[in-house]
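Shown next, in structure tokens, is the structure this report addresses.
All values reported here derive from a predicted model rather than from experimental measurement.
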Amino acid sequence: MQRKARVTQQSAFILMCGIAGFIGEWNAARLDDLTDALAHRGPDGRGVDFLPPGSAIGLPGSAVGLGHRRLSIIDVSGGAQPMWDADHTAGLVFNGEIYNFRQLRKELEACGHRFSTHSDTEVILQGWRAWGSRVVERLEGMFAFALWDTRTRSLFLARDRHGIKPLYYSIPRAGQIMFTSEIRPLLRAADRAAAIDRSALYEYLLRGWSAQETTFFAGIQQLQPGCFMQFDPAKGAASARIERYWRLQRPGTAVSLTSADEVADTLRTLFDNAVSSHLVADVEVGVLLSGGLDSSAVAASMARLMDPSSIQAFTIGFGLPDDEIPFARSAASHCGISSKERLVDPSVFSSGFTDCIESLEEPIAHPVMQTTWQAAKFVRQNVKVALLGEGSDELFAGYPHYRLFKRPFSLLPGRLVRKYALDVMCLMPGSHTLARLMMPGSYERDALETVERRIQPWFGGDDDADDMLRFEAETALVQNQLMRVDKLTMAHSVEARVPFLDKTFVEYANALPFGLKTENGVAKAIFRKAMQSRLPADVLYRPKSGKKGTQALLPMINGLLARGGPLHHLVDKKTIAARGWFDPKATRDWIDGMSSAAVRHHPIESRRRAKFALALAAIEQWCRLYLDVDRRTSPVETRQIPEPSSVRHSPNVL
């Protein structure tokens, strides 16, 4: 087998991990381009392997390329990638961390496998030899990887259970594929102008995020969480097959309950185990501390597992009412850990808006995007790995809309409860309002309503509340929360870890009855009970940041978008008219209706219109960054690209 010599460059500066590669009629220069476009994710080490046409896969003109940019967290002196097994039959590029790799290594060694590094990367490679595609079921952690097997002449792509690590791909023609950790390298490699996917746009306008397999960029897909793809280039139109290997199950009888105290004890033990596994690293690990229940629980667990004085906790404040710093300071003091605080001027929300949207690659209407950006920037000045509290709300019903599934609201028809819960969850206009605001010809009413009904397959179980939790965990958590965390922390070369999404902890928490999660009007009741011996009362029973959660930032952001504000140019009538999607007068009138007393004092409608204004600003800035730069197409062109015919889904995939 002919191979281009690996290129490995060690650097004194640290950036974030990323993978890239292809199968098709491309050369080594294209592999370098794809890999180097991920340089901001980290050249602790840089490696590329190019397998030239013919010898690699037996198809005329086709080549295989594997590229990697590395942040050294485990085995900092070894584990260079691409990594090949001993006889060079399987090559791997991998992004993420496998927290149970030491246990898997022992199991593989007992079966006769021999290792040449101490890295988690090699465990995946050896696991592939032992278990094939089922290796993904044994991995616990966050990961996205690509493995080329010369024996079967096929490519294997996999993504972790919750989509903590992203993985994008494009199939420009049958038998050819490109894949990367980010969208931008695929855009650079495309031979056509960028165009927006209409279905993703509709979901964004209805939800504030889009969690479909299609991305905002027509022709670029994302591998869904808990899925793997097997790509056989010799099979032409049927070359790609996607299977789901894991998903959250509807709660059944898997958990045996004797008392709430016993459940709390089990949760505490499992959570400590999860945090312990997420501390595996050969570098210092910190914690991003907001002073709320979730991040404080992470800090408290860390303080039990290691020397508290060695832990660094990082908190960002903006000097606004209900600032997080005092609460974080209380939690840090109680746990005996070092508290590092930074007060940031709120003007960064506007001055850094473009940078945030560019790093996100796909627009989201999340009020805390700049908070994440600034926190990651602060963390990176001290450590390069930090634990976060993401995922708890989706496991323990921590959001306000879950109150609707309790009395007296639960006495309403289930259809209405689901509708109201989704309204509160998303705070975005429905299809009828959007149809009234959008320009004739800029949308398809049937397609818009079809996207709005996509929630239906998640329901149909015995309990609408459990179904809503599952829906949120598989959609909003992935694309509204984890995507934001990954992209904005990686922009500053920080690896964010989320112990709440540990497989064992998730499966136990998911199986608990909804009644234990919300009790007597208290959200996350059972987890608060589990943590009551570890945290002070002002942290344990503190409501979400601000009196209205993260949405408390909306009034400030709304001021930036108002007439005379620094972001108003993104949502004024002239801009709306130029984009051509919305009726400028009807849209501005609807947004400006926030000033009326009826809307201003409405707890849902006021925030809905403010968030929609933020969503419009984000999509406009995204268009300027990603659509308008190529003048070969109209900046307002939208077209739906069908899913490539070369992708075949197995029946068990939603």
Identify the heavy atoms of [X] and [Y] that sit nearest to each other, and give their distance.
| X | Y | value |
| --- | --- | --- |
| L157 | A146 | CD2-CB, 3.3 Å |
| L448 | L206 | O-CD1, 3.8 Å |
| S606 | M594 | O-SD, 3.7 Å |
| L167 | A158 | CD2-O, 3.7 Å |
| I220 | T215 | O-OG1, 2.8 Å |
| W373 | S359 | CZ3-OG, 3.3 Å |

Main chain of [Y], side chain of [X]: is a donor-acceptor contact present, judged purely on distance under 3.5 Å?
| X | Y | answer |
| --- | --- | --- |
| K611 | M428 | no |
| S170 | G219 | yes |
| T587 | P584 | no |
| S392 | G389 | no |
| R184 | L38 | no |
| T180 | L186 | no |
| R600 | S595 | yes |
| R588 | V571 | yes |
| R380 | S493 | yes |
| E361 | I183 | yes |

Would a line drawn from the ring center of [X] to the ring center of [Y] be shorter than 6.0 Å?
| X | Y | value |
| --- | --- | --- |
| W622 | F217 | yes |
| F318 | F349 | yes |
| Y420 | F409 | no |

Where does the angle between the aromatic ring planes of [X] and [Y] fall among parallel (under 30°), tilted (30 to 60°) and perpendicular (over 60°)?
| X | Y | value |
| --- | --- | --- |
| H401 | Y399 | parallel |
| F514 | Y402 | tilted |
| F471 | W209 | tilted |
| F612 | F582 | perpendicular |

ask   = Any ion pair linking R418 and D464 (charged N to carboxylate O, less than 4.0 Å)?
value = yes
ask   = So does R470 pair up with D466, basic N to acidic O under 4.0 Å?
value =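 No, R470 and D466 are not salt-bridged.
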Would you say that [X] contacts [Y] through its side chain, given a criterion of any heavy-atom pair below 4.5 Å between the two side chains?
| X | Y | result |
| --- | --- | --- |
| L501 | L482 | yes |
| E444 | Y202 | yes |
| H568 | L561 | no |
| T433 | W590 | yes |
| R403 | T518 | no |
| H366 | L360 | no |
| C356 | Q370 | yes |
| S210 | E362 | no |

query = Which residue, I196, I576, L437, forms the side-chain contact (heavy atoms from CB on, under 4.5 Å) with W581?
reply =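 One option only clears the test, and that one is I196.
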ask   = Per the side-chain hydrogen bond (donor to acceptor under 3.5 Å, both in side chains) rule, which among R609, R607, H602 passes with E605?
value = R609
ask   = Could you walk me through whether D628 and R624 pass the salt bridge (charged side-chain N to carboxylate O under 4.0 Å, His left out) check?
value = CA-CA 5 Å; D628 298 356; R624 296 183 182 193; 5.3 Å; no
Going by atom types alone, do [X] and [Y] pair a side-chain donor with an acceptor below 3.5 Å?
| X | Y | answer |
| --- | --- | --- |
| S199 | Q212 | yes |
| Q456 | R453 | no |
| R207 | Q479 | no |

Chi angles and distances behind the side-chain contact (heavy atoms from CB on, under 4.5 Å) call for I242, E213 = CA-CA 11 Å; I242 297 174; E213 182 179 354; 3.5 Å; yes
message = Taking atom NE2 as the centre, does H569 end up with more than 12 heavy-atom neighbours from other residues, nucleotides or ligands that are less than 6.0 angstrom away?
response =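 Yes, NE2 of H569 has more than 12 neighbouring heavy atoms, counting only those of other groups under 6.0 Å.
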query = So with a 6.0 Å cut-off around NZ of K503, is the heavy-atom count from everything else above 12?
reply =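 Enclosed: over 12 neighbouring heavy atoms sit under 6.0 Å from NZ of K503.
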task = Apply salt bridge (charged side-chain N to carboxylate O under 4.0 Å, His left out) to the pair K524 and D393, showing each step before the final yes or no.
result = CA-CA 8 Å; K524 296 188 281 193; D393 290 310; 2.9 Å; yes
Nearest 0.5 Å please: distance from the [atom1] atom of [X] over to the [atom2] atom of [Y].
| X | Y | atom1 | atom2 | result |
| --- | --- | --- | --- | --- |
| R247 | Q224 | CZ | CD | 10.0 Å |
| R159 | K165 | CZ | NZ | 11.0 Å |
| M468 | L422 | CE | CG | 5.5 Å |

inquiry  = Pair Y626, F216 - check ring pair (Phe, Tyr, Trp, His ring centres under 6.0 Å), show working.
reply    = CA-CA 10 Å; Y626 289 108; F216 271 79; over 10 Å; no
